[in-house]
Amino acid sequence: MTSEKLLLVGAGLSGAVIGRTLAEAGHRVTVIDARAHVGGNCHTERDPATGVMVHVYGPHIFHTDDAGVWDYVNRFARFVPYKNQVKTTTGGSVYSLPINLHTINQFFGRTLRPEEAAAFIEEQADTSIENPASFEDQALRFVGRDLYEAFLKGYTMKQWGCAPSELPASILKRLPVRFTYDDNYFFHRFQGMPEDGYTTMITRILEHPNITVLLDTPFEPGMPHDFHHVFYAGPLDGWFGYDKGRLGYRTLDFERFCEQGEWQGCAVMNYGDVEVPWTRITEHKYFAPWERHRGTVCYREYSREAEPGDTPYYPVRLLAEKALLGDYTARATGAERVTFVGRLGTYRYLDMDVTIREAMDTAAAFLAARQEKKAMPAFVHAPL
Ligand SMILES: Cc1cc2nc3c(=O)[nH]c(=O)nc-3n(C[C@H](O)[C@H](O)[C@H](O)COP(=O)(O)OP(=O)(O)OC[C@H]3O[C@@H](n4cnc5c(N)ncnc54)[C@H](O)[C@@H]3O)c2cc1C
């Protein structure tokens with residue numbers, strides 16, 4: 001195999017995993033990132049004043065059913081078991097999420113057992129809605145008005161910046177209710193937190209003699225000339241200079257505050273009332289419950305539409321974006337010597353485990369294409 005010069009744009013999980021796999025296969029890899037650190041949106045750093053490990057771009061909990069991905073991350077970090085137990089404040093009370101038997105019994109002042117609760121929720125559900133078209137219809141059909149208004153409506157409005165009646169029903173795919181006292185947010189077999197944070201893990205992934213990392217280095221259109229192939233984890237529309245307009249993203253503003261002791265007593269507290277402008281407060285020391293700190297660092301989180309220059313967090317993917325996305329995707333598909341990867345490159349929300357799986361598959365596809373002397377496609381995972 002000929003050793004090629006490869007450019008990876010983005011030192012997040014996508015760039016790191018693809019880069020590592022191809023470096024191990026003997027290629028010479030350069031990873032660039034516009035930011036001053038590796039790790040992308042998973043970046044964690046210790047707050048110098050309190051020693052708390054802070055999830056700088058919002059809370060990240062690792063969870064997966066993919067044993068290959070779990071083995072992969074455990075090569076580079078020690079994972080400590082972690083259960084994500086979210087609370088919500090709504091209508092002047094604190095409840096457990098996702099809506100479970102405890103939430104139902106507390107909210108309605110009942111002592112229902114699982115089957116009774118299931119029958120009770122079925123009575124609450126608005127069965128007159130036969131074909132739910134919107135998120136609101138779907139929620140009313142599943143859980144009825146009381147639970148919808150307390151737990152889903154306000155939070156969703158704040159997160160998406162529009163009425164739930166304007167959002168597609170597909171956002172709420174399944175019944176958002178459990179009829180047991182299980183309050184573990186995720187169902188996945190493997191769940192944990194890297195003991196020394198995600199940035200340490202991603203730094204270790206990037207530590208290889210064939211990898212050069214350049215930080216504070218934004219991608220420039222002339223760069224690909226010096227490389228045989230580019231893997232681009234930056235924004236798809238950014239590759240084209242946003243010439244047809246910008247794909248919509250939600251961004252987050254974090255209002256950071258520090259206190260002594262414990263502030264809210266849990267890692268994540270959602271706020272369901274629409275009158276409260278923030279969506280949630282995260283208290284970062286609870287993401288590492290095995291550590292002890294006297295001080296505490298909290299983020300009050302606000303969601304809004306991303307403007308040019310903001311960090312793009314969540315792809316909106318509503319109807320207007322899909323048309324524009326179709327246009328950029330069609331043009332990107334014709335591009336040569338570049339593969340668009342990851343969250344921004346394919347304009348999809350991806351959890352970390354899916355990002356890693358896709359990155360492993362992309363690197364494998366590249367090695368196979370070279371072996372078989374075939375062209376490497378612009379997308380291994382298409383945006384649409
Ligand atoms: C608020 C929030 C919470 C999340 N929580 C979880 C969670 O609990 N569990 C979970 O599994 N997943 C979670 N995720 C998803 C997780 O963040 C992603 O799976 C992961 O970050 C995707 O990695 P990536 O490398 O594709 O993208 P990114 O992490 O976004 O990395 C892309 C990198 O490319 C760089 N870049 C972009 N454009 C350029 C350019 N032009 N030039 C140079 N560099 C550039 C960026 O600076 C960035 O570092 C969360 C996401 C968000 C937004």
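Both ligands and their constituent atoms are indexed starting at 1 by order of listing. Keep in mind that what you see is a predicted model, and the values were worked out from it rather than measured. Sequential numbering from 1 along the given sequence is applied to the chain's residues.
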**Q** Would you kindly confirm whether F379 and L367 end up in one hydrophobic cluster when ILVMFWY residues are joined by side chain heavy atoms under 4.5 Å apart?
**A**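 F379 clusters together with L367.
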**Q** Applying a 4.0 Å heavy-atom criterion (strictly less than), which segment of V354 is in contact with ligand 1: side chain, backbone, both, or neither?
**A** neither
**Q** Would you say the side chain of P164 lies within less than 4.5 Å of the side chain of L152, judging by non-hydrogen atoms?
**A**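 The answer is no; the side chains never approach within 4.5 Å.
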**Q** Report, in ascending order of atom number, the atoms of ligand 1 lying under 4.0 Å from any heavy atom of G12.
**A**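 Close to G12: 25 (O), 31 (O).
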**Q** Salt bridge between E136 and R141, side-chain N to carboxylate O under 4.0 Å?
**A**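 Salt bridge flag = no for R141 with E136.
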**Q** I want to confirm something. Looking only at heavy atoms, which of H63, H43, H60 is nearest to atom 4 (C) of ligand 1?
**A**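 It is H60 that holds the nearest heavy atom.
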**Q** Does the N or O separation between G58 and ligand 1 drop below 3.5 Å for any pair?
**A**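 No - when backbone and side-chain N and O of G58 are compared with those of ligand 1, no distance drops under 3.5 Å.
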**Q** Which option out of G342, S14, A11 puts a heavy atom nearest to atom 24 (P) of ligand 1?
**A**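 Checking each option, the heavy atom nearest atom 24 (P) of ligand 1 is found in S14.
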**Q** Starting from atom 20 (C) of ligand 1, which protein heavy atom do you reach first, and at what distance in Å?
**A**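 Nearest protein contact, heavy atoms only, for atom 20 (C) of ligand 1 is C42 SG, 3.9 Å.
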**Q** Atoms of ligand 1 less than 4.0 Å from P218 heavy atoms?
**A**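 By the 4.0 Å cutoff, the relevant atoms are 42 (N), 43 (C).
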**Q** What atoms in ligand 1 come closer than 4.0 Å to a heavy atom of L252?
**A**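 The list of qualifying atoms is 1 (C).
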**Q** May I ask you to check whether F151 and F107 place their ring centres under 6.0 Å from each other?
**A**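 Yes: the rings meet the under 6.0 Å criterion.
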**Q** From the options F219, F62, Y185, select the one whose nearest heavy atom is closest to atom 42 (N) of ligand 1.
**A** F219
**Q** Counting heavy atoms only, name the option from V341, D33, L215, I202 that's nearest to atom 36 (N) of ligand 1.
**A** D33
**Q** Before accepting this row, confirm whether a basic side-chain N of the pair R75/D71 lies closer than 4.0 Å to the acidic partner's carboxylate O.
**A**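 A salt bridge is absent here (no side-chain N lies under 4.0 Å from a carboxylate O).
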**Q** What residue and heavy atom of the protein are closest to atom 5 (N) of ligand 1, and at what distance?
**A**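 Closest protein heavy atom to atom 5 (N) of ligand 1: P59 O, 3.0 Å.
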**Q** Give the residue, atom name and distance (to 0.1 Å) of the protein heavy atom nearest atom 30 (O) of ligand 1.
**A** R343 NH2, 2.9 Å
**Q** Please list the nearest protein heavy atom to atom 34 (O) of ligand 1 with its residue and the distance rounded to 0.1 Å.
**A** G10 CA, 3.2 Å
**Q** Decide ring pair (Phe, Tyr, Trp, His ring centres under 6.0 Å) for W239 and F219; before the verdict, give the C-alpha distance in whole Å, the side-chain angles of both, and the deciding distance to 0.1 Å.
**A** CA-CA 9 Å; W239 178 266; F219 174 75; 5.3 Å; yes
**Q** Nearest to atom 14 (N) of ligand 1, what protein heavy atom do you find, and at what distance?
**A** Y349 OH, 3.2 Å
**Q** Exactly one of R28, H229, H27, R370 should register a side-chain hydrogen bond (donor to acceptor under 3.5 Å, both in side chains) with E4. Which one does?
**A**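 Exactly one pass, corresponding to R370.
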**Q** Based purely on interatomic distance, does L13 place a nitrogen or oxygen under 3.5 Å from a nitrogen or oxygen of ligand 1?
**A**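 Between L13 and ligand 1 (N or O atoms, distance only) the closest approach is under 3.5 Å.
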**Q** How would you list all residue pairs meeting side-chain hydrogen bond (donor to acceptor under 3.5 Å, both in side chains) that involve residues 186-207, not counting sequence neighbours?
**A** H43-T199, H63-H188, R78-E195
**Q** Would the number of heavy atoms belonging to other residues, nucleotides or ligands and lying under 6.0 Å from CG of L214 be above 12?
**A**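 Yes, the 6.0 Å shell around CG holds more than 12 heavy atoms from other groups.
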**Q** How close does the nearest protein non-hydrogen atom get to atom 18 (C) of ligand 1, and which residue and atom is it?
**A** L350 O, 3.3 Å
**Q** Can you tell which of S303, P235, A233 gets a heavy atom nearest to atom 32 (C) of ligand 1?
**A**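 Comparing heavy atoms across S303, P235, A233, the nearest one to atom 32 (C) of ligand 1 lies in A233.
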**Q** Test the R256-F254 pair against the cation-pi criterion, namely NZ or CZ under 6.0 angstrom from the six-membered ring centroid and within 45° of the ring axis.
**A**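 So R256 doesn't make the cation-pi contact.
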**Q** I want to check something: taking the side chain as every heavy atom from C-beta on, are F231 and F366 in contact at a cut-off of under 4.5 Å?
**A** yes
**Q** Mind checking whether T217 contacts ligand 1 via backbone (N, CA, C, O), side chain (CB onward), both or neither, at a 4.0 Å heavy-atom cut-off?
**A** backbone
**Q** Find out whether the Lys NZ or Arg CZ of K5 is both under 6.0 angstrom from the six-membered ring centre of F227 and within 45° of the ring's axis.
**A**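 Judged by the rule (NZ or CZ under 6.0 Å from the ring centre, within 45° of its axis), K5 counts as positioned above F227.
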**Q** Hey, which atoms in ligand 1 end up nearer than 4.0 Å to a heavy atom of G40?
**A** 29 (O), 31 (O), 48 (C), 49 (O)
**Q** Measure the distance from atom 11 (O) of ligand 1 to every protein heavy atom, then report the residue, atom name and distance (to 0.1 Å) of the closest one.
**A** M352 N, 2.8 Å
**Q** Cation over ring, R331 on F240, under 6.0 Å and within 45°?
**A**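 Yes.
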**Q** Considering only NZ, NE, NH1 and NH2 on the basic side and carboxylate oxygens on the acidic side, decide whether R145 and E149 come within less than 4.0 Å.
**A**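 Salt bridge flag = yes for E149 with R145.
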**Q** Considering distance alone, does some N or O of I61 sit under 3.5 Å from an N or O of ligand 1?
**A** yes
**Q** Give yes or no for whether the N/O distance cutoff of 3.5 Å, strictly under, is met between N41 and ligand 1.
**A**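 For ligand 1, there is an N or O atom that lies under 3.5 Å from one belonging to N41.
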**Q** Looking only at heavy atoms, is any part of A16 under 4.0 Å from ligand 1, and if so is it the side chain, the backbone, or both, or is it neither?
**A**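 The answer is neither; A16 stays 4.0 Å or more away.
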**Q** Who's the nearest protein heavy-atom neighbour of atom 37 (C) of ligand 1, and how far?
**A**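 Answer for atom 37 (C) of ligand 1: G234 CA, 3.7 Å.
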**Q** Name the residue from Y347, Y313, W160 that meets the ring pair (Phe, Tyr, Trp, His ring centres under 6.0 Å) definition with Y249.
**A** Y347
**Q** State the atoms of ligand 1, each with its element, that fall below the 4.0 Å cut-off from a heavy-atom position in Y57.
**A**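 Listed by number with element: 1 (C).
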**Q** Would you check if there is a donor-acceptor pair between the side chains of R178 and N184 at a distance under 3.5 Å?
**A**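 There is no such pair between these side chains.
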**Q** Counting only heavy atoms closer than 4.0 Å, does ligand 1 sit against the backbone of T355, its side chain, both, or neither?
**A**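 Looking at T355 and ligand 1, just side chain atoms fall under 4.0 Å.
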**Q** Out of Y314, Y313, F254, whose heavy atom is nearest to atom 2 (C) of ligand 1?
**A** Y314
**Q** Test your reading of the structure: does G39 have an N or O sitting under 3.5 Å from an N or O of ligand 1?
**A** no
